[in-house]
Amino acid sequence: MKRVFSFAIAVMSIFAFATVSAQTVAEKIQQAVTPLPDDLKAGATVYDYNEDGVREILRQGTNHVECKPRDERGFTLCFPVSTSARRDYAAALEAEGLEGEELQAAVASAEDAGTIEPTPMGSILYRLYEEDDRIRLLWVVLLPNATAEDLGMSVESQRDPSLAGMGRPWMMREGTPSAHLMIPINGTDLSNKGEGAQPLDTKAITDPVVQATLPLPADLRDGAGVIRYDDSGNREVLRAGTNMMECQVRDENTGFTRCYHKNLGAESDMRARLSAEGKTVEEISAAINEARADGTLMPAPFGSLAYRLYEEEDRLKLLWVMRLPNAMSADLGMSVASQRDPSLEGKGLPWMMREGTPGAHLMIPINGTELSNQD
């Protein structure tokens with residue numbers, strides 16, 4: 001009888017241990033996918049590395065992203081599946097004792113040798129941190145070897161504004177293999193808490209140059225060129241620029257104020273001329289695509305930013321757009337689920353539109369600033 005009782009206790013202990021272990025794995029999975037947009041969470045692979053740097057699958061996923069549970073530094077990270085081999089290679093080297101610059105050099109050497117694939121331009125990673133001394137919800141677009149000058153980006157750190165819930169994206173490590181765009185996500189339940197900026201009455205601004213440059217990050221405004229078009233589509237320069245950006249004054253027909261890399265000025269001129277001739281949006285788009293194809297117009301560089309401001313609450317007010325011609329969400333790890341409605345409430349997340357076409361792009365709603373939609 002005593003032996004039967006002992007056996008029963010042993011079985012119950014094993015069952016209890018298995019239940020706790022299953023709960024622990026389930027909790028790890030739930031926690032690991034937290035940085036992702038909702039539409040990617042259920043299908044994401046969840047994995048970790050053991051002490052030998054070997055990948056261990058906690059849940060096999062069905063989509064194009066994968067996540068690691070919170071690490072010893074407090075970071076929860078998710079990545080495109082397309083970059084998994086690279087991370088597995090780095091984990092194995094790290095288990096052998098490589099770290100820092102030595103590890104980075106070894107990975108770069110393997111890439112040069114063709115042992116691992118380079119990181120796809122425009123790949124996105126998702127990071128969550130759960131204390132207030134860092135940016136809590138941060139998405140990062142990887143742009144190997146790109147420069148801010150080429151892509152029309154700011155390099156002025158937005159760390160402090162981000163901690164206050166009103167940071168804008170900025171580029172770090174430009175011109176290096178680890179160049180990337182930092183996108184602090186403001187306004188969500190996972191974001192840094194802050195009162196945000198007080199709304200700016202942009203309609204009270206009468207200086208067209210000041211108004212035209214509002215969509216830009218502050219450090220790019222003073223040097224941006226400013227133009228407008230007359231009814232015949234002719235360009236009028238209001239201010240010659242000294243940096244790589246050009247802005248158009250508010251279009252009274254659409255309500256949009258736009259800024260873009262000055263290399264796209266010829267495209268802007270063509271759009272204005274065709275519009276003045278009465279061409280439809282479809283006809284203009286077709287003409288632009290044809291001009292790009294035959295080399296008449298310079299295409300937008302992959303990863304370049306355009307900036308848009310709208311001054312009513314029925315659309316996204318402050319929207320930055322990253323151009324990703326012909327890219328696919330599965331390759332870059334992005335979501336294609338529209339965030340229009342959350343963005344109108346001041347808590348939208350970036351999402352890809354028109355994937356696989358020349359007009360593919362990442363929509364980046366900017367929450368929490370003086371120009372943003374208010375919650």
Side-chain angles (χ1 to χ4, degrees), residues 10-99 103 107 116 119 123-142 180 182-185 188-193 329-337 339 342 347 349-351:
V11 171
M12 290 174 65
S13 297
I14 292 171
F15 178 76
F17 177 78
T19 301
V20 170
S21 298
Q23 289 174 339
T24 301
V25 171
E27 289 170 358
K28 281 186 176 181
I29 292 170
Q30 183 178 21
Q31 188 277 326
V33 301
T34 306
L36 294 174
D38 286 344
D39 62 300
L40 296 182
K41 289 179 179 176
T45 294
V46 179
Y47 74 103
D48 211 341
Y49 295 112
N50 65 21
E51 61 184 11
D52 296 320
V54 176
R55 173 183 288 246
E56 296 181 338
I57 301 295
L58 303 181
R59 182 182 77 182
Q60 183 60 53
T62 56
N63 66 19
H64 53 273
V65 294
E66 58 184 22
C67 302
K68 284 177 81 275
R70 183 172 46 239
D71 62 25
E72 66 280 357
R73 302 169 301 164
F75 295 141
T76 304
L77 296 163
C78 300
F79 311 87
V81 169
S82 61
T83 62
S84 61
R86 183 186 189 88
R87 282 177 279 109
D88 289 352
Y89 186 84
L93 294 179
E94 195 170 5
E96 295 173 3
L98 271 67
E99 58 184 17
L103 175 61
V107 172
I116 56 174
T119 301
S123 299
I124 194 166
L125 67 84
Y126 307 82
R127 194 196 80 182
L128 177 67
Y129 185 77
E130 297 174 73
E131 302 293 339
D132 286 321
D133 59 320
R134 292 178 182 265
I135 300 173
R136 284 177 163 255
L137 188 56
L138 178 70
W139 293 11
V140 179
V141 178
L142 306 179
H180 58 274
M182 302 274 278
I183 305 177
I185 307 296
T188 76
D189 293 340
L190 299 173
S191 304
N192 295 80
K193 304 306 177 189
S329 60
D331 294 331
L332 303 185
M334 294 179 177
S335 166
V336 295
Q339 289 281 316
K347 46 190 166 187
L349 304 172
W351 80 99

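When a residue number appears, it is its place in the shown sequence, counting from 1.
- Here Thr24 contributes atom OG1 and Ile29 contributes atom CD1; the two are 11.0 Å apart, rounded to the nearest 0.5 Å.
- For the pair Leu349/Trp139, a side-chain contact is recorded, criterion being any heavy-atom separation below 4.5 Å from C-beta on.
- Two residues are said to be in side-chain contact when any heavy atoms from C-beta on lie closer than 4.5 Å; Pro184 and Leu137 fail this criterion.
- We find the CZ-OG distance between Arg55 and Ser84 to be 5.0 Å, quoted to the nearest 0.5 Å.
- You'll find the side chain of Leu128 reaches within 4.5 Å of the side chain of Leu190, heavy atoms only.
- Heavy-atom neighbours of Asp189 CG from other residues, nucleotides or ligands within 6.0 Å: at or below the threshold of 12.
- Residues Asn192 and Arg134 are not in side-chain contact: their nearest non-hydrogen atoms beyond the backbone lie 4.5 Å or more apart.
- With hydrogens and angles left out, the side-chain atoms of Tyr47 and Arg87 include a donor and acceptor closer than 3.5 Å.
- Between His64 and Leu40 there is a side-chain heavy-atom pair separated by less than 4.5 Å.
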| said: Does Arg70 form a side chain to side chain contact (heavy atoms under 4.5 Å, CB included) with Leu77? I'd like the steps, not just the answer. | reply: CA-CA 7 Å; Arg70 183 172 46 239; Leu77 296 163; over 6 Å; no

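- Side chains of Val25 and Lys28 form no contact here, defined as non-hydrogen atoms less than 4.5 Å apart.
- By the neighbour-count criterion of 12 heavy atoms within 6.0 Å, atom CD of Glu130 is densely surrounded, having more than that number from other residues, nucleotides or ligands.
- Atom CG of Asp38 sits about 4.5 Å away from atom NZ of Lys41, to the nearest 0.5 Å.
- We find the CD-CD distance between Glu94 and Glu99 to be 7.5 Å, quoted to the nearest 0.5 Å.
- For Glu56, the CD atom sits in a packed shell: over 12 heavy atoms of surrounding residues, nucleotides or ligands are nearer than 6.0 Å.
- For Cys67 against Ala44, the heavy-atom pair with the smallest separation is SG-CB, 4.4 Å.
- Leu125 places a side-chain heavy atom less than 4.5 Å from the side chain of Leu142.
- The two atoms that bring Thr188 and Lys193 nearest to each other are O-NZ, 3.2 Å, heavy atoms only.
- Atom OH in Tyr49 sits 3.5 Å away from atom CG in Asp88 (nearest 0.5 Å).
- Not a single donor-acceptor pair under 3.5 Å links the side chain of Thr83 to the backbone N or O of Phe79.
- With no hydrogens or angles considered, no side-chain donor-acceptor pair links Ser82 and Asp331 at under 3.5 Å.
- Put simply, the side chain of Asp52 never gets that close to the backbone of Val54: no donor and acceptor are under 3.5 Å apart.
- When atom types are taken as modelled, the side chain of Gln339 and the backbone of Trp351 share no donor-acceptor pair closer than 3.5 angstrom.
- In this structure, Arg136 and Ser191 have side chains that are not in contact, with every pair of non-hydrogen atoms separated by 4.5 Å or more.
- Summarising the geometry of Tyr126 relative to Leu36, their closest heavy-atom pair is CD1-CD2, 3.6 Å, with the distance given to 0.1 Å.
- By the 4.0 Å N-to-carboxylate-O rule, Arg59 lies too far from Glu66 to be salt-bridged with it.
- Closest non-hydrogen pair, Thr45 versus Gly61, comes out as OG1-N, 2.8 Å.
- The shortest non-hydrogen separation linking Gln30 to Thr34 is O-OG1, 3.2 Å.
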| request: Could you go through the side chain to side chain contact (heavy atoms under 4.5 Å, CB included) check for Gln31 and Thr76 one step at a time? | output: CA-CA 8 Å; Gln31 188 277 326; Thr76 304; 2.5 Å; yes

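- Paired with Pro350 under the rule side chain to side chain contact (heavy atoms under 4.5 Å, CB included), one option of Val141, Ile185, Ile124 passes, and it is Ile185.
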